[in-house]
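The next block holds one structure in the form of structure tokens; read it before the comments.
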Protein chains: 2
Amino acid sequence: MEDVSVGGTRERILRAAEVLFADRGYVGTRLHEIAHSVGVQKASLFHHFASKEDLYREVLKYGYYETKLTIQGALDGAAPPLQKVRSLVEAYVDMVVAHPERTKMLVRQSLGDAPPGPGADEAQRVLGLVVEFLSEWRLATGSPPVDVHAVIVGVIGMVAFFFTSAPVLAPDWFSDPLNVDNVERVKRHVTSVVHNCLAAGLEAPLRAPTTAGAEVAMA
Amino acid sequence: MEDVSVGGTRERILRAAEVLFADRGYVGTRLHEIAHSVGVQKASLFHHFASKEDLYREVLKYGYYETKLTIQGALDGAAPPLQKVRSLVEAYVDMVVAHPERTKMLVRQSLGDAPPGPGADEAQRVLGLVVEFLSEWRLATGSPPVDVHAVIVGVIGMVAFFFTSAPVLAPDWFSDPLNVDNVERVKRHVTSVVHNCLAAGLEAPLRAPTTAGAEVAMA
DNA sequence: GTCTATATAGGGATAGAC
DNA sequence: GTCTATCCCTATATAGAC
């Protein structure tokens, strides 16, 4: 998988397409706009990609690839499991913050926006990594029968919703998804939820640090 | 606000449009499909609605209206607050299950799918109802400084994601959003999360009934 | 109030010069 | 590898008969 972060017209197209696909959806995005955003003519796109659908799939593939890297990175290493859970949440949130478009695209994809393609399989494989980790750990520690899938899918939904939909739904409270305070607030909340779910039956249930700053006035 | 559940061509158009808009998004939905689904000719739609955009807004307006009714219904009455919280979650989940299309549409809307219109204001007003209820209750009970907005927005995101995206993301675990077991599982999980968040500092932290049936094998 | 027929526009994709 | 010009199709919307 090639690095998309530097030069090359092909790469610049991919990056521009990601933003636009995320913002307007597959059908809502016009090739004209992508081309304009890159600074080339529409016809030039067809030299690099066979079709709009092909371009979309390439963008999506790269998104899944990096997501998988992020998750695996947090899962590898020898840290104690409970610490890993925290790293996982942090890494995931950081990735969402760093690439909001990508997350928006994945949400759209899961709404059934575009040609299914190979995307679904890839997503399930990434999900499987986390499920496996949590399941094994849960069995090892003998924590009560938590619905591991529910925890994970719930977290993905929560985080995605915070950064993609909350600015529209609750602009007075969460106007800027890139704001550092907002990011910290989400991390704290999500970590707290996960810990409560997983440690629900343990001796000393972990709580996320409940800072007073978490309090926010009504709009 | 007229009742949409019975006869009338206009009403049948609204219902068909809701399903299609939810499934394919605003741009992805063709007026031809809506007409075909109702069993009339495309041109007839323009007798009932001024434009595609007008039709979309009408559908959306009705969705917000019923959502508001649901929330208010759960909030009214004299039940003890902690019980109300549970009713709120149940009522919300039930509504999502009863009208998956509506929820999908609202998620799409919050992704920025369509002409903003009056929708955003309406959504914020509904959200405000819940924020107010939880905030007042939290102050009264003196529970620790929870981020009320985070809890609510998180729950909305979780539930929406379970029923709209999970079937695509984790089909082996959550293939059928209408399955009774799945619905119960979601309710249990969400209620548990909310209780843990709100009762985090109370004397006897409430836990949702953790049935053994919640456990699910890896796919 | 619903139909058939048509106007008008825009989007994806191709041809072929440079 | 990028451009201009163009083909072809589909989508929204309108006109006007019944």
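Predicted model, so just to flag it, every value in this text is computed and none were measured. The chains referred to below are lettered A, B, ... by the order of the sequence lines, with proteins before strands, and numbering in each begins at 1.
Side chains of Glu58(B) and Tyr62(B): a donor-acceptor N/O pair is absent below 3.5 angstrom, by distance only. Checked by atom type, the side-chain pair Tyr64(A)/Gln109(A) shows no donor-acceptor distance below 3.5 Å.
In this structure, Tyr26(B) places its OH atom 14 Å from P of dA11(D), rounding to the nearest Å. Atom CZ of Phe46(B) and atom C1' of dT8(C) are 13 Å apart (whole Å). The separation between His32(B) atom NE2 and dC3(C) atom P is 13 Å, rounded to whole Å. When rounded to the nearest whole Å, the span between CZ of Arg10(A) and P of dT2(D) equals 13 Å. Rounding to whole angstrom units, CZ of residue Phe49(B) and C1' of dT14(D) are separated by 18 Å. Taking atom CD1 of Ile34(B) as the reference point, atom P of dT12(D) lies 8 Å away to the nearest angstrom. Atom CD of Glu11(A) and atom P of dG1(D) are 11 Å apart (whole Å). Between the C1' atom of dA11(D) and the NE2 atom of His36(B) lies a distance of 17 Å, rounded to the nearest Å.
Between dG1(D) and Ser44(A), no contact under 4.0 Å exists linking OP1 or OP2 to a side-chain N or O. Between dT2(C) and His48(B), a contact under 4.0 Å exists linking OP1 or OP2 to a side-chain N or O. Between His47(B) and dT2(C) there is no side-chain polar atom (N or O) within less than 4.0 angstrom of OP1 or OP2. Remark: Thr9(A) is in phosphate contact with dT2(D), judged by side-chain N or O atoms under 4.0 Å from OP1 or OP2.
Geometrically, Lys52(A) engages Tyr26(A) in a cation-pi contact, judged by NZ or CZ lying under 6.0 Å from the ring centre and within 45° of the ring axis.
Ring planes of Phe21(B) and Tyr56(B): perpendicular class, angle over 60° (limits at 30 and 60°).
Counting atom types as modelled, Lys42(A) pairs a side-chain N or O with a base atom of dG12(C) as donor and acceptor under 3.5 Å.
Ring centers of Phe174(A) and Phe163(A): under 6.0 Å apart, within the cut-off.
Residue Arg30(A) is the one, among Ala50(A) and Arg30(A), whose nearest nucleotide of DNA chain C lies closer to the 5' end (criterion: closest heavy atom).
Listed candidates were dT4(D), dT12(D), dC3(C). Nearest to the side chain of Ala43(B) is dC3(C). Of the candidate nucleotides dT12(D), dC3(C), dG12(C), dG12(C) has the atom nearest to the side chain of Leu31(A). Counting only heavy atoms from C-beta on, Ser51(B) has its side chain closest to dA13(D) among dC3(D), dA5(C), dA13(D).
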